[in-house]
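Right, one structure below, let's go through it.
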Amino acid sequence: MRIAFLTGAGMSAESGVPTFRDALTGLWARYDPEQLATEAAFRRDPALCWGWYRWRAALVRRALPHAGHLGIAALANSGHAVSVVTQNVDDLHERAGSTGVIHLHGSLFASRCLDCGHRVSPDPILADLPPGDAGARETPPPCPACGGPFRPGVVWFGEALPEAAWTAAGDVLDRCGLLVVVGTSGLVHPAASLPMRARRRGVRVVEINPVESAVSTFADEHLRMPASAGIQSLLDRLR
Ligand code: OAD
């Protein structure tokens, strides 16, 4: 069977990577996206933004994939065609062994020049980690090609999703026979429209999330548990 996973921040929560909208622990409960996650914010205060994304990159580097990430990767070796579409900017699916992961919101590890798009290797976001506290301001390094500041490779509010990723995600959702939606509030568009795209074709949608989300209203089945337990229970059935 063709199985598609659509994952959000809740997928990485058990690895110690904070979600965005959970009360108290979510990043947007503690930080203002208007100051950190738009191009205007970066242009206004590049050191604040670069330091914050360096902190997040360091946090992800220290995190390890959990049983849920590993379970999805293992499923691909058990006769099913598995695709992973993620809103996450971490690399935990890849480190668990999943291949061809589609990143709708970019990656923490794909910095580029804000002005000309130039990239360098190694990625400067990883230079001399860990950078310290979330509050540490750090001036982004200058681009060797044009002198502009480096920016993180994530999609900010107001920006279009990477076209290739969006097209590939649509293709996955149009071809899958089962959709498993893990750990997303289903509030951020256009990613949030993807589950409905499969549902309209009559595809079975399973949601794994300890609490209700915008996906819950049309999902066929709800596993009200954390990602690792939910994926394990699903795999037990599929094997
Ligand atoms: P949210 O923070 O909006 O939602 C996280 C979801 O994960 C919530 O529904 C939680 O109930 C659920 N959750 C929490 N812990 C969980 C666990 N252990 N197992 C399973 N689920 C759990 O995160 P996203 O929906 O991913 O955008 O947010 C979408 C986008 O908004 C993000 O990609 C980010 C943010 O602004 C960009 O960075 C562009």
Side-chain angles (χ1 to χ4, degrees), residues 5-42 49 52-53 55-57 59-60 63-72 84-93 96 101-111 125 151-162 165-166 169 180-196 205-219 221-234:
F5 285 84
L6 175 66
T7 66
M11 179 75 220
S12 301
E14 290 164 89
S15 293
V17 181
T19 65
F20 293 93
R21 292 177 184 78
D22 279 292
L24 304 178
T25 57
L27 288 173
W28 297 153
R30 290 185 285 153
Y31 303 100
D32 180 0
E34 295 285 329
Q35 284 183 27
L36 294 162
T38 67
E39 184 180 334
F42 187 88
C49 291
W52 190 70
Y53 285 97
W55 163 69
R56 286 182 55 199
L59 192 149
V60 165
L64 293 173
H66 60 67
H69 295 104
L70 296 167
I72 293 174
V84 180
V85 179
T86 188
Q87 297 166 83
N88 297 344
V89 294
D90 63 49
D91 59 353
L92 294 171
H93 282 300
V101 179
I102 298 166
H103 284 270
L104 291 173
H105 291 165
S107 162
L108 274 173
F109 309 111
S111 309
I125 205 155
R151 58 158 285 174
V154 306
V155 175
W156 284 326
F157 289 106
E159 291 185 320
L161 303 198
W166 180 247
V180 187
V181 183
V182 189
T184 179
S185 56
L187 294 175
V188 176
H189 284 269
S193 68
L194 288 172
M196 194 38 122
V205 177
V206 178
E207 178 187 46
I208 301 176
N209 196 319
V211 303
E212 269 196 30
S213 77
V215 179
S216 305
T217 46
F218 59 85
E221 184 179 351
H222 311 92
L223 299 176
R224 292 272 168 251
M225 50 184 95
S228 60
I231 289 164
Q232 195 51 58
S233 125
L234 191 78

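Start at 1 and go down the list; that is how both ligands and their atoms are numbered. We use all heavy atoms of the structure for the numbers below, so side chains are in, but hydrogens, waters and symmetry mates are not.
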Atom 11 (O) of ligand 1: closest protein heavy atom, distance to 0.1 Å, is N209 OD1, 2.8 Å
Nearest-0.5 Å distance, CG of residue L194 to CD of residue Q87: 8.0 Å
Closest approach of L36 and Y53, non-hydrogen atoms and distance? O-OH, 2.9 Å
Rounded to the nearest 0.5 Å, the CD atom of E14 sits from the NE2 atom of H69 at a distance of 9.0 Å
Under 3.5 Å: N/O of G183 near N/O of ligand 1: yes
Specify the protein heavy atom at minimum distance from atom 32 (C) of ligand 1: its residue, its atom name, and the distance to 0.1 Å. F20 CE1, 3.6 Å
Using modelled atom types and a 3.5 Å cut-off, is there a donor and acceptor pairing between side-chain atoms of T38 and backbone atoms of A41? yes
Considering only the protein, which heavy-atom contact is closest to atom 28 (O) of ligand 1, and what is its distance? R21 NH1, 3.2 Å
Between F157 and ligand 1, find which residue part has any heavy-atom pair under 4.0 Å and reply side chain, backbone, both or neither. side chain
Check each heavy atom of T184 against ligand 1 and say whether those closer than 4.0 Å belong to the side chain, the backbone, both or neither. both
Do R30 and P18 have side chains that get closer than 4.5 Å, going by heavy atoms? yes
G8 heavy atoms within 4.0 Å reach ligand 1 at atoms 26 (O)
Does S111 offer a backbone N or O that forms a donor-acceptor pair with the side chain of R151 under 3.5 Å? no
In terms of the angle between their ring planes, are W52 and W28 parallel, tilted or perpendicular, with boundaries placed at 30° and 60°? parallel
Give the residue and atom name of whichever protein heavy atom lies nearest to atom 13 (N) of ligand 1, and the separation in Å to one decimal. G10 CA, 3.6 Å
Interatomic spacing from OG1 in T86 to NE2 in H105 - rounded to 0.5 Å: 9.0 Å
Out of P33, A192, A13, A9, indicate the one that has the non-hydrogen atom closest to atom 15 (N) of ligand 1. A13
Compare every heavy atom of A9 with every heavy atom of N88, then report the nearest pair and how far apart it is. OD1-N, 3.1 Å
Are V211 and ligand 1 in contact, using a heavy-atom cut-off of under 4.0 Å? yes
Identify the protein heavy atom lying closest to atom 14 (C) of ligand 1, giving its residue, its atom name and the separation to 0.1 Å. D22 OD2, 3.3 Å
Show me which atoms of ligand 1 lie under 4.0 Å from any heavy atom of T19. 2 (O)
Protein residue, atom and distance nearest to atom 36 (O) of ligand 1, heavy-atom basis: W28 NE1, 3.0 Å
When you measure from the side chain of S15 to the backbone N and O of L64, does any donor-acceptor pair fall under 3.5 Å? yes
Can you confirm, on distance only, whether ligand 1 has an N/O atom lying under 3.5 Å from any N/O atom belonging to N88? no
Does at least one non-hydrogen atom of V154 fall below 4.0 angstrom from an atom of ligand 1? no
Going by atom types only, do S213 and R21 share a side-chain donor-acceptor pair under 3.5 Å? no
In terms of residue, atom name and distance, what is the protein heavy atom nearest to atom 27 (O) of ligand 1? H105 ND1, 3.5 Å
So, 4.0 Å and heavy atoms of V89: is ligand 1 close enough to count as a contact? no
I'd like to know whether ligand 1 has P210 as a neighbour, heavy-atom separation below 4.0 Å. yes
If you measure every N/O of A227 against every N/O of ligand 1, is any gap under 3.5 Å? yes
Under 4.0 Å from ligand 1, counting heavy atoms only, is it the side chain of Q87, its backbone, both or neither? both
Nearest 0.5 Å, please: how far is CE in M11 from CD1 in I231? 3.5 Å
Drop me the distance from L187's CG to F20's CZ, to the nearest 0.5 angstrom. 12.5 Å
Could you say whether the N/O atoms of S213 and ligand 1 ever approach to under 3.5 Å? no
Top protein contact for atom 39 (C) of ligand 1, by heavy-atom distance: V155 O, 2.9 Å
